[in-house]
Protein chains: 2
Amino acid sequence: LSNFDLSTIPVTENMIDAEKVAHVQLQNPLEHALLVLTKTGYNAVPVLDLDGKFCGTISKSAIVEAMFGLEQIEVDQLYDKKVEDVMEEDIPTVRIDDSLEKALHVLIDHSFACVLDHQDKMVGIYTRREMLKQLRNEYYQ
Amino acid sequence: LSNFDLSTIPVTENMIDAEKVAHVQLQNPLEHALLVLTKTGYNAVPVLDLDGKFCGTISKSAIVEAMFGLEQIEVDQLYDKKVEDVMEEDIPTVRIDDSLEKALHVLIDHSFACVLDHQDKMVGIYTRREMLKQLRNEYYQ
Ligand SMILES: Nc1ncnc2c1ncn2[C@@H]1O[C@@H]2COP(=O)(O)O[C@H]3[C@@H](O)[C@H](n4cnc5c(N)ncnc54)O[C@@H]3COP(=O)(O)O[C@H]2[C@H]1O
Ligand SMILES: Nc1ncnc2c1ncn2[C@@H]1O[C@@H]2COP(=O)(O)O[C@H]3[C@@H](O)[C@H](n4cnc5c(N)ncnc54)O[C@@H]3COP(=O)(O)O[C@H]2[C@H]1O
């Protein structure tokens, strides 16, 4: 890819803007989070606090697993537990001044990377789909 | 990517072999499918028939949605319904003699592509992770 320098393209160029990113809040009950995930069709979305700061991600998998009791599936857990109880916090992110080179590194192990400003506010997400489209467009030039 | 010709690399080269691919059968109850998905941690896996032929894919999303009744979450649906009732059949696949160029096309809209032989038997899957690794390795040469 000698004519395609990922390190010169900012992640902000083709990211999905924050206003188009489905997300949930720390304090939402799991039942609300499951509704958001089911309605939007996404398997995982970012978790934000009331100031819009990135806190982690929550997945359908984590919510489903929270429903599994010792003997059977316990739906009540969805009303008792909150997003912050089952979210994943150790999630790699990228900064607004990072390049696609950094994003590619994150996207090898994660299906999306949250883009944060210097106050940790989420300004968008960069997805594997977008990265693959970028690479395909380059390939066909 | 002038020195990296995706059309010359066969999908079979870096696919995940069938024996390492988690899957379910057409006739399995949803409860079994949900267990497989939860244990393996995958959001979706291929559905095969008794001869190992590819039939479609089943996702955690589809199973969770099958649990949503009119008034509340109905866990009994998981025992009553089968994989074939909620699987997706209209899934693009690639053949053993296809190249990475074809796989890239499929992976833009799907997180994995099942690789089929000429009897429609699944011989492996090609994932977005693998494609991104290939592209990254090329990028760093
Ligand atoms: N409603 C829909 N319409 C069309 N295609 C859909 C779709 N939902 C999912 N897909 C397809 O399935 C892929 C995996 O989605 P998943 O929800 O597991 O994983 C998604 C999801 O966790 C997250 N994501 C994507 N867009 C989002 C958004 N607007 N808000 C919140 N999270 C988003 O980023 C991950 C990777 O997304 P990516 O686009 O690379 O890859 C997506 C996309 O190709
Ligand atoms: N147990 C695990 N260990 C480490 N990382 C994990 C993991 N489970 C998921 N991931 C990470 O999350 C991504 C999305 O997984 P998902 O299950 O939604 O989507 C997966 C899943 O639906 C399917 N898949 C991958 N490997 C599979 C396998 N061995 N058997 C069946 N399906 C598989 O292909 C999709 C794309 O996989 P990909 O590797 O590109 O991307 C994976 C991988 O980067």
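The figures that follow rest on heavy atoms only: side chains count, while hydrogens, waters and symmetry mates do not. Labels below follow one simple rule: chain letters A, B, ... track the order of the sequence lines, proteins then strands, and each chain is numbered from 1.
Atom CZ of B:F68 sits about 4.0 Å away from atom CG of A:L34, to the nearest 0.5 Å. In this structure, CE on A:M67 lies 8.5 Å from OG1 on B:T38, to the nearest 0.5 angstrom. Distance check, rounded to the nearest 0.5 Å: CG of A:L132 to CG of B:L104 gives 6.0 Å. Atom CD1 of B:I108 is separated from atom CD of A:E130 by 9.0 Å, given to the nearest 0.5 angstrom. With values rounded to the nearest 0.5 angstrom, A:I63 atom CD1 is found 11.0 Å from B:K60 atom NZ.
With chain A as the partner, the residue from B:E31, B:E65, B:E101 showing the most heavy-atom pairs under 4.5 Å is B:E101. Contact count against chain B (heavy-atom pairs under 4.5 Å) is highest for A:D109 among A:L107, A:D109, A:L37. Annotation: maximal heavy-atom pairing with chain B below 4.5 Å, among A:G41, A:A44, A:S61, occurs at A:S61. Of all the listed residues (B:N43, B:V75, B:V64), the one sharing the greatest number of non-hydrogen pairs under 4.5 Å with chain A is B:N43.
Sparse packing is recorded around NE2 of A:H105, with 12 or fewer heavy atoms of other residues, nucleotides or ligands lying under 6.0 Å away.
A:V47 is not connected to A:M122 by any chain of hydrophobic side-chain contacts under 4.5 Å among Ile, Leu, Val, Met, Phe, Trp and Tyr, and they are in different clusters. The hydrophobic clustering, which links ILVMFWY residues whose side-chain heavy atoms are closer than 4.5 Å, places A:M131 and A:V11 together. At a threshold of 4.5 Å between side-chain heavy atoms, the hydrophobic network of Ile, Leu, Val, Met, Phe, Trp and Tyr places B:L135 and A:L6 in one connected group. Hydrophobic clustering of Ile, Leu, Val, Met, Phe, Trp and Tyr side chains at less than 4.5 Å, counting indirect connections, unites B:L30 with B:V36. Criterion: ILVMFWY side-chain heavy atoms under 4.5 Å apart, direct or through other members. Under it, A:V21 and A:L50 are not part of a common hydrophobic cluster.
Contacts of A:L78 with chain B are made by side-chain atoms alone, with heavy-atom separations under 4.5 Å and no backbone atom involved.
Across A:D5 and B:Y139, no two heavy atoms sit closer than the pair OD1-OH, 3.1 Å.
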